[in-house]
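We number each residue from 1, following the sequence as shown.
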Amino acid sequence: MRDDEPERAEDYTGPLDLPDHHDPVDEVGDSSSPTHSVIDDALALFADGKTYAEAELRYQKSRAGYVSNRLKGAIGFAMGAFGVLHLALIALTVGAVLSLVPLVGAWGATAIVTLVLLAAAGVFVWLLKGRLDDIRETFDSGDSE
């Protein structure tokens, strides 16, 4: 119903803020002809549930993608740490053998190489801890909401 049609507005006895297809309410409070049924409500509820499930699925896929990305990096840093640790042990072994050669302190050279490689392994472990903390934070933040 439009305001520029006064003849229809005078005949209308229902609330003015309802759309035209709504019928006026009688004394009992029931509508004379319902515009939608319980089946329509159930179908709307089903559609809303489906929309919610699709959104939740997209969110969980995004979350799993993030975690898998962080896990790939964590595995790479772990492999780097173990590789550098292995090199440190090889350097220690080779240095021990070469320490028999009286140069400028073969034991000192062996100690320096070993400590540098262990420091690099420490950096990889520190980076690994950062990636694992990111993964843990992702799952902790989702539970608090």
Decide yes or no for [X] and [Y]: does some side-chain heavy atom of the first lie under 4.5 Å from some side-chain heavy atom of the second?
X: Phe139; Y: Val67; value: yes
X: Asp134; Y: Tyr66; value: yes
X: Lys61; Y: Arg58; value: no
X: Glu56; Y: Tyr52; value: yes
X: Ile90; Y: His86; value: yes

Assigning hydrophobic clusters by single linkage (Ile, Leu, Val, Met, Phe, Trp, Tyr; side-chain heavy-atom cutoff under 4.5 Å), is [X] placed with [Y]?
X: Leu132; Y: Val123; result: yes
X: Phe82; Y: Leu115; result: no
X: Leu89; Y: Leu87; result: no
X: Trp126; Y: Val84; result: yes

**OP:** Look only at the side chain of Thr51 and the backbone of Ala47, and say whether a donor-acceptor pair between them is shorter than 3.5 Å.
**Re:** yes
Original post:
Between Lys129 and Asp133, is the closest basic N to carboxylate O distance under 4.0 Å?
Top reply: yes
Original post:
Near Leu57 CG, under 6.0 Å, is it more than 12 heavy atoms from other residues, nucleotides or ligands?
Top reply: yes
Original post:
Shortest non-hydrogen contact from Ala74 to Leu128?
Top reply: O-CD1, 3.1 Å
Subject >> For Ile135 against Arg70, the heavy-atom pair lying closest together >> reply: CG1-CB, 3.7 Å
Subject >> CD1 on Ile75 to OG on Ser68, rounded to 0.5 Å >> reply: 10.0 Å
**OP:** Supply the atom-to-atom distance Asn69 CG to Arg131 CZ, rounded to the nearest 0.5 angstrom.
**Re:** 7.0 Å
